[in-house]
Structures are given as C-alpha cells and as structure tokens.
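For reference, the structure is listed below as structure tokens.
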Number of protein chains: 2
Amino acid sequence: MLSMPSSDARSEASSTVLPASPNETGWQRQGKLWSNLKELCELLRIPTTTLLSDEELLFQHVQFKTGQRIHTIGQPFDTLYVVHSGFLKTVLIDEFGNEQVLSFPMKGDLFGVDGIHTKRHASEAVALSNCDLILLPFKKLTALGRTHAEFEHAMYSVMSRELVREQSMVSMLGALSAEARVARFLVSLSERYAEMGYSSKLFNLRMTRHEIGSYLGLTLETVSRTLSAFNEIGLISVDQRSIGIKDIEALKTLRRLPPSSSRAKQLAARKQKAAAANPSHIASA
Amino acid sequence: MLSMPSSDARSEASSTVLPASPNETGWQRQGKLWSNLKELCELLRIPTTTLLSDEELLFQHVQFKTGQRIHTIGQPFDTLYVVHSGFLKTVLIDEFGNEQVLSFPMKGDLFGVDGIHTKRHASEAVALSNCDLILLPFKKLTALGRTHAEFEHAMYSVMSRELVREQSMVSMLGALSAEARVARFLVSLSERYAEMGYSSKLFNLRMTRHEIGSYLGLTLETVSRTLSAFNEIGLISVDQRSIGIKDIEALKTLRRLPPSSSRAKQLAARKQKAAAANPSHIASA
DNA sequence: CGGAGCCTTGATACCGTTCAACTCAGGTGG
DNA sequence: CCACCTGAGTTGAACGGTATCAAGGCTCCG
C-alpha cells in the first residue's frame, strides 16, 4: 500500500484560518473516506461510457487544513491528487525563495502530475482552505490503465487538458495587458464556480492579491488597482475578498481599459442605461 | 492504419528556404522510412530497461519541407510526432490572427500532445527547416501501453516532462526581465544543441527575432537590442542568425543588466582580463 | 487595545513598447 | 548583370504601462 503524504507540520496551526464562507458550507467536517471509480470519473469530468462501477476499487480520501502543504518540492512522488472539496494553490519556488503561483486547483481538478517525470515533485501544493482530497496512487492508476483501455485514455486526456491549460497561460502572459489578464482571471473563476454549482455572479476569492499577482505575472498593487478600476466603471463590485460580477461579457472581451480621463463619461453613460447591454466601446481591439 | 497527415499545400513552395547550414548536413535527402521501438525510446531519452527491441513494431517517418504545416488548429487528432531531425515551431493563433509561439521542437522532442484532450489539435506546428518526423499513431501507442507496462510509464513520463517545461515557461514569463529571458533562451538552446551532438558554443538560430520575441513575451526590437547588448559586453557574439556563446555562466545567472552608463567600464574591464573567469558583478540579484 | 496581514491609493521611476528610419541579404525579373 | 523588391535585422527617440516606494486604512485575532 502507499504511505500517507506527510501532513507537514511545518505550517501547523497556520496563519489565518478563513471563516467558513457561504460557498463552503458544502464541505463536511469529516468528509467521506473512500470513493469508487465511477465517482472519481464524474469528478474529473471524464466520459465514463462503459460503466465499470461494479468494481470494488476504492480510493482513499485525506483531509488537509488551511495552510497545510500537500507536497513540497523535491519530495518523492508516488501519488496524484484530485480535489473533492476545498481550494489550493500550487507554486514553484525560485532560487531566491520567491513564490511563483502556477495554478489554483479546486473541485474536480487533478494535481501532482509534475512529479511523474523525475519521480519527485517539481512544485509545492498548499491548501488555501480546508480540503478533502482523493489519493490516486500512481502505481494503481497505471495498473488500472492496463486493464481498462478507456480509463487509460482518460488519464492521457486529463494530462493533455492540463498541458493545454498551461499553454493558454503562457499565451496570456506573453500577449495580454494587466487589465485583460485580471479580467480573464475573473471570468475563469466565475465559470469554475458555476461548474461547481456555486453562484457565478457573487463569490469570495480564496487567494490574496499577492497570489493572484504572482499567478498573472503582476504585482499585488496592479491587481488591486485593476480591480478598483473595474469596480469604478461598473464591471464588477469589490469588497476585499468578495467579488460581484456585473458585466461578464465586457470582462470576456476586454483587452484594454479606456484612458482614465474618459472613465467619468463611461460611468455616467453606464448609470443611465443601467443594465443595458453590450458596451461596444470597451471591447475595442 | 492511419491516414497521412495533410502535407498542407497551402504554404507549398513556401517563402524562404534556408540554405543548408553546417549543422544540418546530417539530414539525409530521403531519410529513413521506419524506426523500431528501441530507436524511438532512445530518441525520446527514455530509459529502456528491458529490451523490447525484438518486437517488429515499426513506426513510419514523414518528411516536411521548410514552411510546411504539420498540423493546424482544429484539425482532427490521431497521431503524435517525434522529431528525428530538423527544427519546428508550435504556435497558437489568437482571436485576431496574432501568432503566439509555444515551443521550438527539435531532435528528440515530442509534439501534438495538446490534441489528445479534445481530439482536435489546439495548436499549429510549422517546419522551420526541412524535417524528418516519426509518426506515432495514438491508438497504436495506447495499445502498446497496455501490453508493456514500462512503455506506458514512459508515455506518462514524457507528457509530465512537457508539463514541467510549460510550467517553467510560465514562471519565466511571470517573473524575469527581458534580458534574463533572452539569456535563458540562449542557454537552453546551447544545451539542446549539445545534447544533439552539435556545438554548444557556436550555432545558428533557426527562428526569426519575431518568433523568439513571441516565444519570450517580448517584441522583436527588444530581442534584437538585448542580443546587441550581450554582444557589446562580450557575453556572446552575434551576426544575424549566427550566435557564439562566450560566457555561458554569466548568461545562466544573469538577472538584470547593469545600467548602460556603466557598460563602458564593464567592457574595458572585460577586455583587460580577456578570458578571465566569473564576472560576479553581472550576476547580481 | 495593539499588532499583523492584507488591501488600497498616490507619486515617481524605469523597462519595454511603439513608431520610424535605415541597412543588409537574398531573390526576381527586366 | 544590375535594379528592384521584400523580409529580416538594427538602432534611435519618445511614450506609456507597470513596478517600485511609501503612507495609510481595514479586519481579524491575541
């Protein structure tokens, strides 16, 4: 069998424990302890054509508290993780100890894949809230792939999806303005929340401005200023960690904000039309 | 069996055919037509513990000329590619037709993985020189993985490697200055050439300044200026596509260039010491 | 209450982009 | 053969988007 991942007492009692927000009430105090293959595939959004649910193959759950590390850089790899509930971040640490946030895994996301190649984790995963994770011992997975063709395909598919995600990330960092990056970040968060069954219009950020900035290749000040600017022209409402999405279409197509000199007009026009549609002058190429 | 990938006559006679450079003399006019599994694993730098070379499993080669597309965005996916010889680029095209370069595959590199997830290619691959590629029909691969446990592991490993590479790319784009990006690009190119058996000290770029810039999230002017600056302080020598590496250590550790006002001193000191070692004042944090 | 993070906002500096002019090499056609 | 053209590369000048530095506010918690 496999050894439990180190719960890593280094950050034990941990800094700040977030208050349970409305969105997190679905999290159960003790959670379930085992999931079968069918539940796993559903969580991963994998089409499970032929039902292999009859199998009594079970996958163990583990709970982590806010601030705990799931794995650290260099730690021997032997298992992948799927998020059953909760929010995390994965980070790279550069030669001078600076964090680079790579992703914010949440319900249904797979992580730990970077460890396969060198047999050691290339990144670190940290719980941003209390989490319930499903352990996928890698040996077990490969064995399963050998007996179930479609499951093998699913594994490749999920890894391919991760790769495409990273590629679009590279593309974004290489080409988009700060405002466009923040806008897209909000849109993707909104969509993820919708997928998970939460509100796509009103949610709480689970990460700090600093972490968002690191993820988007910006400073925390720029993130803060950009959110304020979006708030000012009515695209969103911001109050600390709480975000309200007001105009998702504008956020989706936004490339660059109009100069601040014309923002006043924007706001005025916006207030008149209230909830009118399609602000075409924002989505300019 | 599988259908040949479209040779894509769209860019047929193609714009500029590069003159055969010294580094490319190894490329054979017609190339070999088939490779076996052992050759494939060696090319991919996969440890092939138990020899399965006795198998008469053969993989077909295909040749592409400079400028031809190997696959385009949206094209149905059914095969992966391994570079046997030649140089390529993979690109994403954004909503307004702008190219975003994602990678520069060369000998031993795998590409096409992004197509697995949606069954359609998410990116486009273009030959930057005449190329000899090995076709890996995906169906064949998965079948092989089911019968050979270690080969299955190798597949996961290669995909994991790609993911880690993309992650370090994200990290670079998010955190490093223009100069550091160009320096690292040169270092990684140098190392790749060494792996392939070419000179790591003197080589030709296969891509334009524009393509390098796109890859690194910079403009072509910035790339050009940075190369000129490196040349000026003696880290490299540049003449169009030809690059000579003079001080690989400085390139590896470079984070930011000293202000141009002090470059004159730099250069003078450097000339005096000639090929002396370790320019510590360059590699400042 | 006091302290520690986190967040916001302002002023300023600077890196990289943008726009523009020019050079260079290779290819084509008169 | 040379004139011409085109795409690539270099270099300069000016602008502007973000980072940086700094001050102050908010919230939670001891």
Side-chain angles (χ1 to χ4, degrees), chain A residues 11 13-21 66-67 98-99 128 173-182 204-214 216-232 236-243 254-261 263, chain B residues 11 13-21 66-67 98-99 128 173-182 204-214 216-232 236-243 254-261 263:
Chain A
S11 59
S14 175
S15 38
T16 54
V17 175
L18 294 176
S21 80
T66 304
N98 302 314
E99 272 194 17
L128 296 179
L173 293 177
L176 296 190
S177 70
E179 288 132 6
R181 293 183 209 182
V182 174
N204 286 329
L205 298 174
R206 293 324 209 291
M207 60 296 280
T208 67
R209 303 287 191 265
H210 180 76
E211 286 161 342
I212 297 173
S214 171
L216 298 176
L218 303 170
T219 60
L220 68 95
E221 292 95 330
T222 298
V223 173
S224 177
R225 266 187 260 273
T226 306
L227 290 176
S228 296
F230 287 171
N231 181 56
E232 208 176 318
I236 64 174
S237 62
V238 190
D239 178 38
Q240 301 289 103
R241 297 286 180 98
S242 163
I243 300 284
L254 183 143
R255 312 226 109 207
R256 185 138 287 170
L257 239 35
S260 63
S261 61
R263 297 236 183 114
Chain B
S11 59
S14 178
S15 41
T16 55
V17 174
L18 295 178
S21 81
T66 304
N98 303 315
E99 273 194 17
L128 295 179
L173 292 177
L176 297 189
S177 69
E179 288 128 8
R181 291 183 210 183
V182 174
N204 287 327
L205 298 174
R206 294 322 212 291
M207 60 297 278
T208 67
R209 303 285 191 266
H210 181 75
E211 286 161 344
I212 297 173
S214 171
L216 298 176
L218 303 170
T219 60
L220 66 96
E221 292 95 331
T222 299
V223 173
S224 177
R225 266 189 261 272
T226 306
L227 290 176
S228 297
F230 287 171
N231 181 56
E232 207 176 318
I236 63 173
S237 63
V238 190
D239 178 38
Q240 300 290 105
R241 297 287 180 97
S242 164
I243 300 284
L254 182 144
R255 311 226 108 208
R256 185 137 288 170
L257 239 34
S260 63
S261 61
R263 297 237 182 113

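Heavy-atom basis, side chains included; hydrogens, waters and symmetry copies ignored. Chain letters run A, B, ... following the sequence lines, proteins first, then strands; residues in each count from 1.
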Item to check | Residues which pass side chain to side chain contact (heavy atoms under 4.5 Å, CB included) with Arg225(B), listed by chain and number, not counting sequence neighbours | outcome: Glu221(B)
Item to check | Euclidean distance, atom CG of residue Asp239(B) to atom C1' of dA25(C) [Å, nearest integer] | outcome: 11 Å
Next on the checklist: What is the distance, to the nearest angstrom, from the CG atom on Asn231(B) to the C1' atom on dT10(D)?
Outcome noted: 12 Å
Checklist entry - With distance as the sole test, does Ser228(A) use its side chain to make a donor-acceptor pair with the main-chain N or O of Ser224(A) at under 3.5 Å? => result yes
Item to check | Closest nucleotide among dC7(C), dT18(D), dG9(D) to the Glu179(A) side chain | outcome: dT18(D)
Checklist entry - Given side chains that start at C-beta, do those of Ser237(B) and Asn231(B) come closer than 4.5 Å, heavy atoms only? => result yes
Checklist outcome for this item: Between CD of Glu232(B) and P of dT10(D) the distance, given in whole Å, is 13 Å
Item to check | Atom pair distance, as rounded to whole Å: CE in Met207(A) and C1' in dC7(C) | outcome: 16 Å
Checklist entry - To the nearest Å, how far apart are Asn98(A) CG and dT20(D) P? => result 11 Å
Checklist outcome for this item: With sequence neighbours left out, the residues meeting side chain to side chain contact (heavy atoms under 4.5 Å, CB included) with Leu227(B) are Val182(B), Leu186(B), Arg209(B), Val223(B), Ile236(B), Val238(B)
Next on the checklist: side-chain contact (heavy atoms from CB on, under 4.5 Å) for Leu173(B) and Arg181(B)? Distances and angles first, verdict last.
Outcome noted: CA-CA 8 Å; Leu173(B) 292 177; Arg181(B) 291 183 210 183; 3.8 Å; yes
Strictly under 3.5 Å: I want the nitrogen or oxygen pairs between protein and nucleotides 19-22 of chain C, one per line.
unit_1  : atom_1 : unit_2    : atom_2 : d
dC19(C) : N4     : Glu221(B) : OE2    : 3.3

Item to check | Spacing of Ser177(A) atom OG and Leu254(A) atom CG [to the nearest 0.5 Å] | outcome: 7.0 Å
Checklist entry - What nucleotide among dT8(C), dT18(D), dG9(D) has an atom nearest to a side-chain atom of Arg209(A)? => result dT8(C)
Item to check | Partners meeting side chain to side chain contact (heavy atoms under 4.5 Å, CB included) with Glu211(A) (sequence neighbours left out) | outcome: Lys89(A), Val101(A), Phe104(A), Leu128(A), Met207(A), Thr208(A)
Checklist entry - Checking all strands, does Gly217(B) fall into the base, sugar-phosphate, or nothing category for heavy-atom contacts under 4.0 angstrom? => result sugar-phosphate
Next on the checklist: Could you tell me how far apart Leu216(B) (CG) and dC15(C) (C1') are, to the nearest whole angstrom?
Outcome noted: 16 Å
Checklist entry - Under 4.0 angstrom, heavy atoms only, what part of the nucleic acid is Leu218(B) near: base, sugar-phosphate, or nothing? => result sugar-phosphate
Next on the checklist: I want to check one thing: is the phosphate of dT17(C), taken as OP1 and OP2, less than 4.0 Å away from some side-chain N or O of Thr222(B)?
Outcome noted: yes
Next on the checklist: Rounding to 10°, can you tell me the angle the first-five-pair axis of the helix from dC1(C)-dG30(D) to dG30(C)-dC1(D) makes with its last-five-pair axis?
Outcome noted: 30°
Item to check | Interatomic distance where CD belongs to Gln240(A) and P belongs to dC26(D) [whole Å] | outcome: 10 Å
Item to check | Of the listed nucleotides dT18(D), dC7(C), dT11(D), the one nearest the side chain of Ser224(A) | outcome: dC7(C)
Checklist entry - What nucleotide among dT8(C), dC7(C), dT11(D) has an atom nearest to a side-chain atom of Arg241(A)? => result dC7(C)
Checklist outcome for this item: Of the listed dT11(D), dG9(D), dA19(D), the closest approach to the Ser228(B) side chain comes from dT11(D)
Checklist entry - Roughly how many Å is it from CD in Glu211(B) to P in dG9(D), rounded to a whole number? => result 9 Å
Checklist entry - If you check every side-chain atom of Thr219(B), which of dT18(C), dT18(D), dT8(C) has the closest atom? => result dT18(C)
Item to check | side chain to side chain donor-acceptor pair (under 3.5 Å) partners for Thr222(A), two or more places apart | outcome: Thr219(A)
Next on the checklist: With side-chain contact (heavy atoms from CB on, under 4.5 Å) as the criterion, how do Arg255(A) and Leu176(A) come out once you've worked through the C-alpha distance, each side chain's angles and the decisive distance to 0.1 Å?
Outcome noted: CA-CA 7 Å; Arg255(A) 312 226 109 207; Leu176(A) 296 190; 4.0 Å; yes
